[in-house]
Peer 1: 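Take a look at the following structure, please.
Being a predicted model, the structure only gives us computed values, none of them experimental.
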Amino acid sequence: SARLAPDNLPWLTLSGICVSGTEDGDTKFRDRSHWCVVAYWEEKTRVGRLYSVQEPSLDIFYDLPQGNGFCLGQLNSDNKSQLVQKVRSKIGYGIQLTKEVDGVWVYNRSSYPIFIKSATLDNPDSRTLLVHKVFPGFSIKAFDYEKAYTLQRPNDHEFTQQPWTGFTVQISFVKGWGQCYTRQFISSCPCWLEVIFNNR
């Protein structure tokens, strides 16, 4: 399982972020110079460290020849699942996260769909958050800062079972999850991202 720091260390610096561990296991971000951090997951296991983002845009891709940014292919993964390896090979050019004045946009540069869940994409009165499919070559405003500030903590069961660390968007490569899919939780998806935005 993924951990930020061994139990005997009160703090650890990861990718330029100073993270402090508390007794109840929560983490706090001390450095607010980044606008988001990205975690890459394979099913229920986080792979690699948190990736801190200071630049206005970030390319997240699988193979090095496909840009500068967060190269998932460079991360050490022990996952031998054939499904994980198959999906990993389809990430290709991946996605681009871009911070704009009105929010954060996600552009699908891959040859396969991506799936996104964000509290700011749905009606705030909705009982659960929907997963939105984004086809190759298309983009979506995945996060709206203004709308996020007006929202209370979402009623989504999966979302509320996790520590509240600002504003979070989940993105799965190739495979969807939720009400319309066989996978009910993102932690059942082979390859996915968690993007945590600063709330300032």
Peer 1: Do Val131 and Tyr107 belong together in a cluster built from hydrophobic side chains that touch within less than 4.5 Å?
Peer 2: no

Peer 1: Mark yes or no for whether Asn108, through its side chain, and Gly137, through its backbone, hold a donor-acceptor pair below 3.5 Å.
Peer 2: no

Peer 1: Is any side-chain heavy atom of Leu129 closer than 4.5 Å to a side-chain heavy atom of Leu121?
Peer 2: no

Peer 1: Identify the two heavy atoms, one from Ser110 and one from Pro136, that lie closest to each other, and give their separation to 0.1 Å.
Peer 2: O-CB, 3.1 Å

Peer 1: With heavy-atom distances below 4.5 Å as the criterion, would you say the side chains of Glu194 and Thr168 are in contact?
Peer 2: yes

Peer 1: Quick one: does Cys71's side chain get under 4.5 Å of Tyr62's, heavy atoms only?
Peer 2: no

Peer 1: Okay, side chain of Asp144, backbone of Thr120: is any donor-acceptor separation there less than 3.5 Å?
Peer 2: no

Peer 1: Under 3.5 Å, is there a donor-acceptor pair between the side chain of Gln184 and the main chain of Gly178?
Peer 2: yes

Peer 1: May I have the step-by-step check of side chain to side chain contact (heavy atoms under 4.5 Å, CB included) for Gln54 and Ser33, ending in yes or no?
Peer 2: CA-CA 7 Å; Gln54 287 89 23; Ser33 63; 4.3 Å; yes

Peer 1: Are Val84 and Phe173 connected, step by step, through hydrophobic side chains (Ile, Leu, Val, Met, Phe, Trp, Tyr) whose heavy atoms are closer than 4.5 Å?
Peer 2: no

Peer 1: Group every Ile, Leu, Val, Met, Phe, Trp and Tyr by side-chain heavy-atom contacts under 4.5 Å, then state whether Tyr51 and Leu75 land in the same group.
Peer 2: yes

Peer 1: Are Phe138 and Ile171 connected, step by step, through hydrophobic side chains (Ile, Leu, Val, Met, Phe, Trp, Tyr) whose heavy atoms are closer than 4.5 Å?
Peer 2: yes

Peer 1: Check whether any side-chain N or O of Trp35 sits under 3.5 Å from a backbone N or O of Glu55 as a donor-acceptor pair, and report yes or no.
Peer 2: yes

Peer 1: Taking all non-hydrogen atoms of both residues into account, name the closest pair between Val169 and Ala142 and its distance.
Peer 2: CG2-O, 3.8 Å

Peer 1: With sequence neighbours left out, which residue pairs that include part of residues 71-81 fulfil the side-chain hydrogen bond (donor to acceptor under 3.5 Å, both in side chains) condition?
Peer 2: Glu42-Ser77, Glu43-Asn79, Ser77-Arg88

Peer 1: If you define the side chain from C-beta out and look only at heavy atoms, does anything of Pro190 sit under 4.5 Å from Arg183?
Peer 2: yes

Peer 1: Rounded to the nearest 0.5 Å, how far apart are SG of Cys36 and CG of Leu50?
Peer 2: 10.5 Å

Peer 1: OG/Ser118 to CZ/Phe167 distance, rounded to the nearest 0.5 angstrom?
Peer 2: 10.5 Å

Peer 1: Is the gap between the ring centers of Phe61 and Tyr93 under 6.0 Å?
Peer 2: no

Peer 1: As an exercise, state the distance from SG of Cys191 to CD1 of Ile114, rounded to the nearest 0.5 Å.
Peer 2: 13.5 Å

Peer 1: Closest approach of Ile91 and Leu72, non-hydrogen atoms and distance?
Peer 2: CD1-CD1, 4.0 Å

Peer 1: Not counting sequence neighbours, which residues clear side-chain contact (heavy atoms from CB on, under 4.5 Å) with Lys133? List them please.
Peer 2: Pro113, Phe115, Phe135, Tyr181

Peer 1: Quick one: closest heavy-atom pair of Trp41 and Arg46, and the distance?
Peer 2: CE3-N, 3.2 Å

Peer 1: As an exercise, state the distance from CD1 of Ile95 to OG of Ser139, rounded to the nearest 0.5 Å.
Peer 2: 12.0 Å

Peer 1: Minimum heavy-atom separation for Phe70 and Leu58, please, with both atom names.
Peer 2: N-CD1, 3.8 Å

Peer 1: Leu97 pairs by side chain to side chain contact (heavy atoms under 4.5 Å, CB included) with which of Asp59, Leu193, Val53, Val106?
Peer 2: Val106

Peer 1: Are any non-hydrogen side-chain atoms of Lys175 and Val87 less than 4.5 angstrom apart?
Peer 2: yes

Peer 1: Specify the closest pair of heavy atoms between Lys117 and Leu130, including all atoms of both residues, with the distance to one decimal.
Peer 2: CG-O, 3.7 Å

Peer 1: Could you walk me through whether Thr98 and Glu100 pass the side chain to side chain donor-acceptor pair (under 3.5 Å) check?
Peer 2: CA-CA 6 Å; Thr98 305; Glu100 304 286 341; 4.9 Å; no

Peer 1: Do Asp122 and His132 have side-chain heavy atoms sitting under 4.5 Å apart?
Peer 2: yes

Peer 1: Assign the ring pair Tyr145 / Phe197 to parallel, tilted or perpendicular, where the plane angle (0 to 90°) is split at 30° and 60°.
Peer 2: perpendicular

Peer 1: Tell me whether Trp105 is reachable from Val195 by hopping between hydrophobic residues (I, L, V, M, F, W, Y) whose side-chain heavy atoms are closer than 4.5 Å.
Peer 2: no

